[in-house]
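Read through the structure below, which is laid out as structure tokens, and then see the notes.
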Amino acid sequence: MAGGSGGKNFVNRPSASDTGGLPRGAMSRPVVTRFAPSPTGMLHIGGVRTALFCWLYARKHGGRFILRIEDTDLDRSTDDNIRIIEEGMAWCGLDWDEGPVPGDPTRWIGEHGPYRQMQRMESHYKPAVERLLHEGKAYRCRCGREELDERRKAVEARGVPFQYNRGLDAGNGCRNRQHDASEPFAVRLKMPEGTEPWLDEGAIAWTDLIKGRLAFPAASMDDWIIARTGEGCEIGVPTYNFCVVVDDTGMEVSHVLRGDDHVSNTPKQIALYQAMGFERPEFGHVPMILGKDGAKLSKRHGATSITEYQAMGFLPAAVRLALARLSWTPKVDGQAAETAEEELLTDAQMIELFDLKDIQKSPARFDMDKLSWMNQKLIQRASWRELEPHLRHFMPQKWNENGDDWKRIAITATQKGKSLKEMEESLAFCWKRPAEADFDEKAVEKFMTEAVKPALQEVTTLTDYDHDALQAAFNGILERHGLKLKDLAQALRVALCGKPVSPPIFDTMYLLGREEVLARLARWLGE
RNA sequence: GGCCCCAUCGUCUAGCGGUUAGGACGCUGCCCUCUCACGGCGGUAGCAGGGGUUCGAGUCCCCUUGGGGCUACCA
């Protein structure tokens, strides 16, 4: 289980100097990626996938991976939600080199903090807004919300899309009104007209690391708000698109890897990079994860929160693998996997093989069956010691009362399960004696025959529950009573577990222990 | 509606002008077997449609259709 799940690994990594193999001769600055979720709810599986790509890319290039909390949506952001993000990331083994210290709003790791946007207001955003205002690249806007709504309606009533200060709304905006700060105001960025030399044939364009060249006509974008209307005559809380640019620059992010849904934000941000005179990073837009029906993955598709996957008994490594393999095909010497075995990559292999050019442009549907399969395979190949810490969370208190030998046998006996939850279920008989109502009637009738009872009686005389000893003893019993293992084993299962299904019978007996076996057998033998 | 993106088995995908269109998951047949599983060996199923370009198109171009994203003083 590489990658771990402890999530306590927040120490700074030695900032690797080797960024060799930089793709496409991009640039010479060190690789820095970041995951910037907003704490407005649970940690979405799609977000985790994006984070995973960022993490893989940073690890692959010996760079840094940053976690930044985008909490400028005052209405929806909460400390609890920040906690959920931190815990979810940690559980997934996505350790960050810079970012918040879990559970402690006042501390962080890294030299570019703070890493919660609301804590960067005075220090980072306001000065940037003021500078833009001062340089005439942004302006104060006093168009009220109600007024704007009306203008929007009026324009849309004519079947034309509303664009602030453009099209049918031209001349209505504050762009040339030189408002001062004597009244409340929002701040808008002046977007290019279309003739600026830095544009590409009148369009804001870039070469996306995943999608290739993308271009948006400047005329299709209006002056957007970079800072909301503030209290009194102050500058208000800046908007997402503004903060991202200031932060990515301040944190030296070299590669902005994010969800597809941000493609249309990119030209706005590029215009801001231009206005601020910042060097723009590389952009890579990762396709979305869709639900089974092809619609955006949402609650109604089942689990979307990473916490739910944890609760269902998936290993973090399995979640990482399954998520990574959506839209990404690892290639070894240019070859994709040709066998099931090759599909099961370790974290080290993923890091080694990760390459943006092998990422699909189209969205992928989330396949629970494949996750399940990977989970099962990873459970199978893990040692019982690796599994125990994960399994423990699914077990009753009594689990911890058992010794290593017992745990080892319990785990290996159920290690073909698809999930930790399933393993727990198949061990449930250990702590729960079947009640009268629990016995599977059909099974009782079928296996608990008169012919098998003398053999069962003899089983009660056995004292050595070691696997080999049981094996030998059983051979004798079967021979004496003219039975097959199948007959005795099934009868025992029914007697011990109430149903004809359990781990291998000798293991089942060992796990229960002689005393418990006798107690459960008593009901079926002469009282 | 406008802008942008996407399109190979049910799903994830390989393919980069000439292939019996390959693999994995799922489903399924057989074998193995003390139950359930695991495992082993097979099978099933695909280039959305229509035009071009070309000796030749899943691969290149255009259109149609379908899907997705954005279109906020949300992120």
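Model, not experiment: these values are computed from the prediction. Residue numbers begin at 1 in each chain, while the letters A, B, ... track the order of the sequences.
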Legend entry - d(NZ, A:K446; C1', B:rC34) in whole Å: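 Taking atom C1' of B:rC34 as the reference, NZ of A:K446 is at 13 Å.
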
Closest to the [X] side chain: [options]?
{"X": "A:W373", "options": "B:rC25, B:rC34, B:rU13", "value": "B:rC25"}
{"X": "A:S362", "options": "B:rC6, B:rC12, B:rC38", "value": "B:rC6"}
{"X": "A:A340", "options": "B:rC4, B:rU13, B:rC25", "value": "B:rC25"}
{"X": "A:D369", "options": "B:rG26, B:rC6, B:rA14", "value": "B:rG26"}

Legend entry - Any donor-acceptor pair under 3.5 Å from A:D169 side chain to A:N165 backbone: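 Flag set: sc A:D169 to bb A:N165 pair under 3.5 Å.
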
Inset, instruction - Look at A:E147 together with A:R151 and state whether they make a salt bridge at an N to O cut-off of under 4.0 Å. - result: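 Here A:E147 pairs with A:R151 in a salt bridge, since their nearest N and O are under 4.0 Å apart.
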
Legend entry - Closest-nucleotide ordering on RNA chain B, the 5'-leading residue of A:K370 and A:P503: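 Closest to the 5' end, via its nearest nucleotide, is A:K370.
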
Legend entry - Residue whose closest nucleotide on RNA chain B lies nearer the 5' end, A:S220 versus A:T339: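 Checking each residue's closest nucleotide, the 5'-ward one belongs to A:S220.
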
If you measure from the [atom1] atom in [N] to the same atom in [M], how many Å do you get, rounded?
{"N": "B:rU53", "M": "B:rU20", "atom1": "C1'", "value": "27 Å"}
{"N": "B:rC32", "M": "B:rG40", "atom1": "C1'", "value": "8 Å"}
{"N": "B:rG2", "M": "B:rU11", "atom1": "C1'", "value": "33 Å"}
{"N": "B:rG26", "M": "B:rU33", "atom1": "P", "value": "24 Å"}
{"N": "B:rC47", "M": "B:rA57", "atom1": "C1'", "value": "11 Å"}
{"N": "B:rC5", "M": "B:rG10", "atom1": "C1'", "value": "24 Å"}
{"N": "B:rC61", "M": "B:rU54", "atom1": "C1'", "value": "12 Å"}
{"N": "B:rC6", "M": "B:rC25", "atom1": "C1'", "value": "23 Å"}

Any strand is fair game: report the nucleotide pairing with [N] by Watson-Crick or G-U wobble, both distances under 3.5 Å, or none.
{"N": "B:rG66", "answer": "B:rC6"}
{"N": "B:rC16", "answer": "none"}
{"N": "B:rA45", "answer": "none"}
{"N": "B:rC73", "answer": "none"}
{"N": "B:rA21", "answer": "none"}
{"N": "B:rG39", "answer": "B:rC31"}

Does [N] have OP1 or OP2 sitting under 4.0 Å from an N or O in the side chain of [X]?
{"X": "A:Q380", "N": "B:rA37", "answer": "no"}
{"X": "A:K331", "N": "B:rC16", "answer": "no"}
{"X": "A:S502", "N": "B:rC36", "answer": "no"}
{"X": "A:K361", "N": "B:rC5", "answer": "no"}
{"X": "A:K377", "N": "B:rG39", "answer": "yes"}

Inset, instruction - Among A:D200, A:T207, A:D208, find the one that has a side-chain hydrogen bond (donor to acceptor under 3.5 Å, both in side chains) with A:R213. - result: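 So, applying the side-chain hydrogen bond (donor to acceptor under 3.5 Å, both in side chains) to A:R213 and each of A:D200, A:T207, A:D208, only A:D200 qualifies.
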
Inset, instruction - Just say parallel, tilted or perpendicular for the rings of A:F474 and A:F506, cut-offs at 30° and 60°. - result: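 Geometry flag for A:F506 against A:F474: perpendicular rings.
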
Inset, instruction - Take the angle between the ring planes of A:W524 and A:F439 and call it parallel below 30°, perpendicular above 60°, tilted in between. - result: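 Perpendicular.
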
Legend entry - Centroid-centroid distance, A:H262 to A:Y240, less than 6.0 Å: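 So the answer is yes for these two rings.
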
Inset, instruction - Using a heavy-atom cut-off of under 4.0 Å over every strand shown, decide if A:Q415 touches base, sugar-phosphate, or nothing. - result: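 Counting heavy atoms under 4.0 Å across all strands, no contact is made by A:Q415.
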
Legend entry - B/S/- contact track for nucleotides 61-75 of chain B, protein heavy atom under 4.0 Å: ------SSSS-SBBB

Inset, instruction - Could you classify B:rC38 for me, syn or anti, using a glycosidic angle within 90° of 0 as syn? - result: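 Base orientation relative to the sugar is syn.
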
Legend entry - A:T266 vs A:R258, side chain to side chain donor-acceptor pair (under 3.5 Å): CA-CA, chis, key distance, verdict: CA-CA 11 Å; A:T266 308; A:R258 69 212 332 183; 3.1 Å; yes

Inset, instruction - Might you work through the ring-ring contact (aromatic ring centres under 6.0 Å, His included) test for A:F242 and A:W224, ending with a clear yes or no? - result: CA-CA 10 Å; A:F242 180 81; A:W224 52 284; 7.5 Å; no

Legend entry - Any residue meeting side chain to side chain donor-acceptor pair (under 3.5 Å) with A:E150, in chain and number order, not counting sequence neighbours: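 Once residues adjacent in sequence are excluded, A:E150 has no partner under the side chain to side chain donor-acceptor pair (under 3.5 Å) criterion.
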
